[in-house]
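One structure below.
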Amino acid sequence: AEEEADRMRKAIESTGSYLDLARLFLADCRVKVAIAIIADGELRTQTLNRALEDAEKAVGFFIDSNQENELPRGMLTHAMVLRMLGNLANEERSNEAERKIEEVRNHARRGEMRLHLVDCDLEECRLLIQQGRPDKAKELAQKAKTECANIAYGRRAAELEQINATLKL
């Protein structure tokens, strides 16, 4: 699988498509996150650190591609990996995740990207739960639920249910 990914990466690099490179690194990052979820100990940390590198590359290539509408996806994935690393008793990563979410939120507000704003709220809910701040997480979960209903964003229903179950709403 890694050999195939390397071949794809080389092919895309030869075309000069930053957007394709960004999407490829984002996909690689998400595969590593999935592996990290089932791993434990040092393997989990190493896999998440590699995922973080891919997320950072993806964000850089999204910026280089000048595709403002794609950038929040990469930035939120970056924040998610930081949150996951923060969950491993790394407070610095947790704080960095918080800053990254706010950066995405500001970007999404400027571009009137309501779906990305909901995604920011959901990711921040997860971070707040992790930080032991359930009251603020409940507020954000309710806000996200209302906004999902307002914009018919049904793809996030399962995530909302999971967060609500964690918060016992």
Side-chain angles (χ1 to χ4, degrees), residues 22-23 25-59 62 68-169:
R23 289 175 175 160
F25 278 108
L26 193 61
D28 284 352
C29 171
R30 289 180 175 165
V31 167
K32 289 177 177 102
V33 166
I35 292 168
I37 288 171
I38 59 174
D40 54 1
E42 189 60 29
L43 177 60
R44 179 182 168 102
T45 303
Q46 290 172 354
T47 304
L48 284 172
N49 281 320
R50 288 196 311 273
L52 185 62
E53 291 171 10
D54 285 347
E56 289 167 348
K57 289 175 186 173
V59 168
F62 277 130
E68 293 291 316
N69 59 321
E70 299 263 0
L71 182 58
R73 217 166 27 109
M75 292 170 68
L76 275 172
T77 301
H78 188 219
M80 175 190 64
V81 176
L82 288 167
R83 173 182 53 82
M84 292 175 76
L85 282 164
N87 194 34
L88 301 173
N90 187 332
E91 189 175 332
E92 180 183 328
R93 294 292 196 196
S94 186
N95 293 338
E96 193 176 343
E98 201 168 352
R99 287 189 302 274
K100 187 61 70 175
I101 292 167
E102 194 55 35
E103 184 180 341
V104 177
R105 187 176 277 123
N106 290 334
H107 181 83
R109 280 186 190 124
R110 283 192 309 271
E112 297 184 27
M113 301 174 184
R114 293 173 69 187
L115 300 177
H116 290 305
L117 287 170
V118 169
D119 291 339
C120 287
D121 290 343
L122 294 172
E123 186 58 32
E124 188 172 0
C125 279
R126 292 182 200 95
L127 181 63
L128 291 166
I129 291 167
Q130 176 182 304
Q131 293 173 335
R133 298 166 55 194
D135 292 337
K136 178 71 175 158
K138 287 177 184 178
E139 289 176 28
L140 271 177
Q142 187 58 47
K143 178 182 168 197
K145 181 179 179 179
T146 301
E147 190 62 16
C148 280
N150 289 343
I151 60 176
Y153 194 23
R155 290 187 341 174
R156 295 298 183 248
E159 292 176 53
L160 273 167
E161 284 180 29
Q162 183 181 34
I163 288 170
N164 287 337
T166 302
L167 294 169
K168 295 177 179 58
L169 292 178

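No hydrogens, no waters, no symmetry mates; every other heavy atom, side chains included, goes into these values.
Between Ile163 and Ile129, the shortest heavy-atom contact is CG2-CD1, 4.2 Å. Residues Asn164 and Ala141 approach most closely at OD1-CB, 3.8 Å, considering heavy atoms. Residues Cys29 and Ala51 share a closest heavy-atom pair of SG-O, 3.3 Å. When every heavy atom of Pro72 is checked against every heavy atom of Asn69, the shortest pair comes out as CD-O, 3.8 Å. The two residues Thr45 and Leu85 come nearest to each other via the heavy atoms O-CD2, 4.3 Å. Residues Ala36 and Arg44 come closest through the heavy atom pair O-NH1, 3.2 Å.
Here the side chains of Phe25 and Thr77 are not in contact, with every heavy-atom distance at 4.5 Å or above. A 4.5 Å side-chain heavy-atom check between Glu98 and Gln131 finds at least one atom pair inside the cut-off. Considering only heavy atoms from C-beta on, Lys32 comes within 4.5 Å of Asp54 through its side chain. With a 4.5 Å cut-off on side-chain heavy atoms, Arg114 and Asn150 count as touching. Here the side chains of Asn106 and Arg109 are in contact, with some heavy-atom distance below 4.5 Å.
Separating the CE atom in Met75 from the NZ atom in Lys100 is a distance of 5.0 Å, to the nearest 0.5 Å. Note that CD of Glu103 and SG of Cys120 are 10.5 Å apart. Values are rounded to the nearest 0.5 Å. How far CG of Leu128 is from CD1 of Ile101: 8.0 Å, rounded to the nearest 0.5 Å. Between the CD atom of Glu147 and the CZ atom of Arg156 there is a distance of 13.5 Å, given to the nearest 0.5 Å. Rounding to the nearest 0.5 Å places CD of Glu161 at 9.5 Å from NZ of Lys145. Rounding to the nearest 0.5 Å gives a distance of 12.5 Å between CG of Leu122 and CG of Leu127.
Within 6.0 Å of CD in Glu92 there are 12 or fewer heavy atoms belonging to other residues, nucleotides or ligands. No more than 12 heavy-atom neighbours from other residues, nucleotides or ligands sit within 6.0 angstrom of CZ on Arg155. Remark: Gln162 CD is loosely packed, at most 12 non-hydrogen atoms of other residues, nucleotides or ligands lying under 6.0 Å away.
The residues Arg105 and Glu124 are annotated as salt-bridged, a charged nitrogen and a carboxylate oxygen being separated by less than 4.0 angstrom. Salt bridge annotation for Arg126-Glu159: present, with a cationic side-chain nitrogen under 4.0 angstrom from a carboxylate oxygen. At a threshold of 4.0 Å, the pair Asp28-Arg50 does not count as salt-bridged, since none of the basic side-chain nitrogens sits closer than that to a carboxylate oxygen. Residues Arg99 and Glu102 are not paired through a salt bridge, judged by the lack of any N-O separation under 4.0 Å between the basic side chain and the carboxylate. Using a cutoff of 4.0 Å between basic side-chain nitrogens and carboxylate oxygens, Glu139 and Arg133 are not scored as salt-bridged.
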| query | Between Leu26 and Arg73, does a side chain to side chain contact (heavy atoms under 4.5 Å, CB included) hold up when you go through it step by step? | reply | CA-CA 9 Å; Leu26 193 61; Arg73 217 166 27 109; 3.7 Å; yes

| Would Tyr153 and Leu160 count as a side chain to side chain contact (heavy atoms under 4.5 Å, CB included) if you check the C-alpha gap in whole Å, the side-chain angles of each, and the deciding distance to 0.1 Å? | CA-CA 11 Å; Tyr153 194 23; Leu160 273 167; over 6 Å; no

| query | Step by step, would you call Arg23 with Glu70 a side chain to side chain contact (heavy atoms under 4.5 Å, CB included)? | reply | CA-CA 9 Å; Arg23 289 175 175 160; Glu70 299 263 0; 2.5 Å; yes

| query | Stepwise, does the side chain to side chain contact (heavy atoms under 4.5 Å, CB included) test hold for Lys138 with Lys168? | reply | CA-CA 9 Å; Lys138 287 177 184 178; Lys168 295 177 179 58; over 6 Å; no

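With Met84 as the fixed residue, the side chain to side chain contact (heavy atoms under 4.5 Å, CB included) test singles out one of Leu52, Val33, Thr47: Val33.
Remark: the backbone N or O of Leu82 is not paired with any side-chain donor or acceptor of Arg93 at under 3.5 angstrom. Side-chain N or O atoms of Gln130 include one that pairs as donor or acceptor with a backbone N or O of Arg83 at under 3.5 Å.
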